[in-house]
Amino acid sequence: MSELLKVENLTKVFTSGLIGGYEIRAVDDVSFSIGKGEIVSLVGESGSGKTTVGKLILRLLNPTSGRILFEGEDITGFNKKRLKTEYYRKVQAVFQDPFASFNPLHEIDRAFDLIFRTFFPETSRGERDEMIDKALESVGLNPDEVRGKFPHQLSGGQLQRILIARSLLVRPKLLIADEAVSMLDASTRIDILNLLGDFRDKYGTSVLFVTHDLALGYYISDSTIIMYRGTIVEMGDTERVFHNPLHPYTKMLLESVPDVNVKWEFRGIEPETEEGAVYSIEGCRYAPRCPLASEVCWKRRPELVEAEKNHWVACHLYGGE
Ligand SMILES: Nc1ncnc2c1ncn2[C@@H]1O[C@H](COP(=O)(O)OP(=O)(O)OP(=O)(O)O)[C@@H](O)[C@H]1O
Ligand SMILES: [Mg+2]
């Protein structure tokens, strides 16, 4: 599979508070790539840095260091104009809360205005209407049922489909979906996941699917990246990561997925480390929670190593050193 996006040593450091704040290394030396037509899920608990990775790729945030190569070109230096006219033609995003993306006072049709102004300025009113209808139909909506309506007259699922239709109107090469189905009911969720899969099959659209829900990641993706506190702890073929999890954190995550066939037992919450302290750990960020941590884990950051074909893990248990 040829490469579409590659991030190299991507790092974003925030400071908590103004005075006496500590460093939050929200994304810390993260490298991965997404192939053309590949669906990659980015999984991890709250605060692991998933949204920050998405925002860096979208250049809604500037990286502290590292590179983002799209089709081989480093986009970290793109100015606003290049981002708007070139990059966003190829990279689009859908976020969690569909209600927040619409102006409650405007008919939903108006949500398409900016896309037309930016990318299809020459189109006539009639052409635009036709393009909107087609885009809505492509996400399973009947244009007559949604056009001319206000956001409050539609369901969250319908609004999210409209946003996806809008993003896909420019036929992007990469769609970043950040918790894009988290607010939807289970059946709408699956419909939308299938829709993304269909688009990939039809147009070769790659997807970075950001989620804290492992089951959704498993359902939709070819590859999975597991993040913990700003670092990638494991990544690779989804089947391999799920059926042969290597990192203690991945194992813990998979064990905590509720299974309808197993009576749920409370196992106790793992001790959490204070946020500021986590980012100052020289070694593995998971060490304070890891039942298998040894001295080296606190001292040295484990590198990602290929433990089996297309399956990497950053853990001293597999370092071979
Ligand atoms: N603008 C900001 N300023 C300061 N800290 C930030 C900022 N944005 C994010 N952070 C911090 O960076 C860390 C990673 O946040 P991020 O939103 O990327 O996590 P996430 O994995 O998307 O979590 P969630 O699953 O809750 O959406 C968190 O500790 C967060 O508080
Ligand atoms: Mg997030």
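All values below were derived from every heavy atom in this structure, side-chain atoms included, with hydrogens, water molecules and symmetry-related copies excluded. All ligand and atom numbering here is 1-based and tracks the order in the structure. A quick note: this is a predicted structure, and the numbers were derived from the prediction, not measured.
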Residue selection (non-hydrogen contact nearest atom 28 (C) of ligand 1) among Ser182, Gly230, Gly44, Gly47: Gly47
All side-chain contact (heavy atoms from CB on, under 4.5 Å) counterparts of Leu195, not counting sequence neighbours: Val139, Arg161, Ile164
Mutual orientation of the aromatic rings belonging to His247 and Tyr249 [parallel < 30°, tilted 30-60°, perpendicular > 60°]: perpendicular
Worked verdict on Arg301 versus Arg285 for side chain to side chain contact (heavy atoms under 4.5 Å, CB included): CA-CA 8 Å; Arg301 176 79 46 88; Arg285 299 247 162 91; 3.2 Å; yes
Candidate pair Thr11 and Thr64, rule side chain to side chain donor-acceptor pair (under 3.5 Å), full reasoning: CA-CA 6 Å; Thr11 299; Thr64 306; over 6 Å; no
Close approach of Glu45 to ligand 1, heavy atoms, under 4.0 angstrom: yes
Option set Ile24, Val210, Thr52, criterion heavy-atom distance to atom 11 (C) of ligand 1, minimum: Ile24
Ser187 and Asp185: side chain donor to acceptor below 3.5 Å: yes
Contacts of type side-chain contact (heavy atoms from CB on, under 4.5 Å), residue Pro143, not counting sequence neighbours: Asp133, Leu136, Glu137, Arg147
Ligand 1 to His212 polar contact by distance, N or O atoms, under 3.5 Å: no
Residue and atom, protein N/O/S, under 2.8 Å of the Mg ion (ligand 2): Thr51 OG1
Given Cys284, Pro248, Cys290, the one that forms side chain to side chain contact (heavy atoms under 4.5 Å, CB included) with Cys315: Pro248
For Thr51, the ligand 1 atoms whose distance to one of its heavy atoms is below 4.0 Å: 17 (O), 18 (O), 20 (P), 22 (O), 27 (O)
Under 3.5 Å: N/O of Arg229 near N/O of ligand 1: no
Residue pair Thr211 / Asp213, side-chain donor-acceptor N/O under 3.5 Å: no
Set of side-chain contact (heavy atoms from CB on, under 4.5 Å) partners for Asn62, sequence neighbours left out: Arg59
Interfacing atoms of ligand 1 (cut-off 4.0 Å, heavy-atom, Ser48): 19 (O), 21 (O)
Nearest-0.5 Å distance, CD of residue Gln92 to CD1 of residue Ile115: 4.5 Å
N or O contact, Ala26 vs ligand 1, cut-off under 3.5 Å: no
